[in-house]
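Remember, it's 1-based here, ligands and their atoms both numbered in the order they're listed.
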Amino acid sequence: MPSIAVYPGSFDPVTNGHLDIIERSAKVFDHMVVAVLHNRNKVPLFSVEERVRMLKQSVSYLDNVEVDSFNGLLIDYVRQKKAHTIVRGLRAVSDFEYEMQAASINRKLDPSIETFFMMTNNQYSYLSSSIVKEVAKYEANVSSLVPEIVEKALHEKYSQNKK
Ligand code: PNS
């Protein structure tokens, strides 16, 4: 049976830190599903369609990675994809509390699904979508933090918002 894992997130937008986790976990699992959440609690900068498109272009060189989006409970989506593992990246101790809570509730909802944590590469330990948006808003250079397509999209988004 092939090992299928889901890497869920907001990906608003995808960063090089996310790509590091995707690339490394694609070596561990036979098939990876990167799943963008339709999150009604947060007002995103990019629509789900834009986020999926940027992710698809950024991971197009990885044969065993699929990009999708989901609504509702993560555990239901993981079951629907016939996956048994959730992948999450850990950057720093500050991520730990939320991640432990999420992994615990997900295990309670379905004990057959495991959460697999991967430590982010040190060079990305400070990196988040929020920090990228914060600096891109002030036209700082984010070329070493995100894929080129995201850098362009951020530039377009913030120059549009200024008009
Ligand atoms: O990139 P993020 O915003 O840290 O990702 C959070 C995500 C999408 C993994 C989490 O919010 C999630 O799983 N949401 C779906 C609703 C759900 O299942 N909640 C219970 C587990 S936290």
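At least one heavy atom of Y98 sits less than 4.0 Å from an atom of ligand 1. A35 does not count as a contact of ligand 1, since none of its heavy atoms falls under 4.0 Å from the ligand.
With a 6.0 Å radius and a threshold of 12 heavy atoms from other residues, nucleotides or ligands, I131 has its CD1 atom at or below the threshold.
Ion pair E156/K152 not flagged as a salt bridge, since none of the NZ, NE, NH1 or NH2 atoms sits closer than 4.0 Å to an Asp/Glu carboxylate oxygen. The pair K81-D68 counts as a salt bridge, with a side-chain nitrogen and a carboxylate oxygen less than 4.0 angstrom apart.
Nearest non-hydrogen protein atom to atom 18 (O) of ligand 1 is L74 N, 2.8 Å. Nearest protein neighbour of atom 8 (C) of ligand 1, counting heavy atoms only, is L37 CD2, 3.7 Å. Among protein heavy atoms, atom 15 (C) of ligand 1 sits closest to G72 O, 3.5 Å. Looking only at heavy atoms of the protein, atom 1 (O) of ligand 1 is closest to S10 N, 2.9 Å.
In this structure, the side chains of D110 and R79 come closer than 4.5 Å at one or more pairs of heavy atoms. Between Y7 and I86 the shortest side-chain heavy-atom distance does not fall below 4.5 Å. Looking only at side-chain heavy atoms (C-beta outward), M100 and F117 stay at 4.5 Å or farther from each other.
The shortest N or O to N or O distance between N106 and ligand 1 is not under 3.5 Å. Between G9 and ligand 1, no pair of N/O atoms sits closer than 3.5 Å.
Both the backbone and the side chain of L73 come within 4.0 Å of ligand 1, judged by heavy-atom distances. Only the side chain of R88 comes within 4.0 Å of ligand 1, judged by heavy-atom distances.
Two rings, from H18 and F11, have their centers less than 6.0 Å apart. Residues Y138 and Y158 keep their aromatic ring centres 6.0 Å or farther apart.
The distance from ligand 1 to the heavy atoms of A102 drops below 4.0 Å at these ligand atoms: 22 (S).
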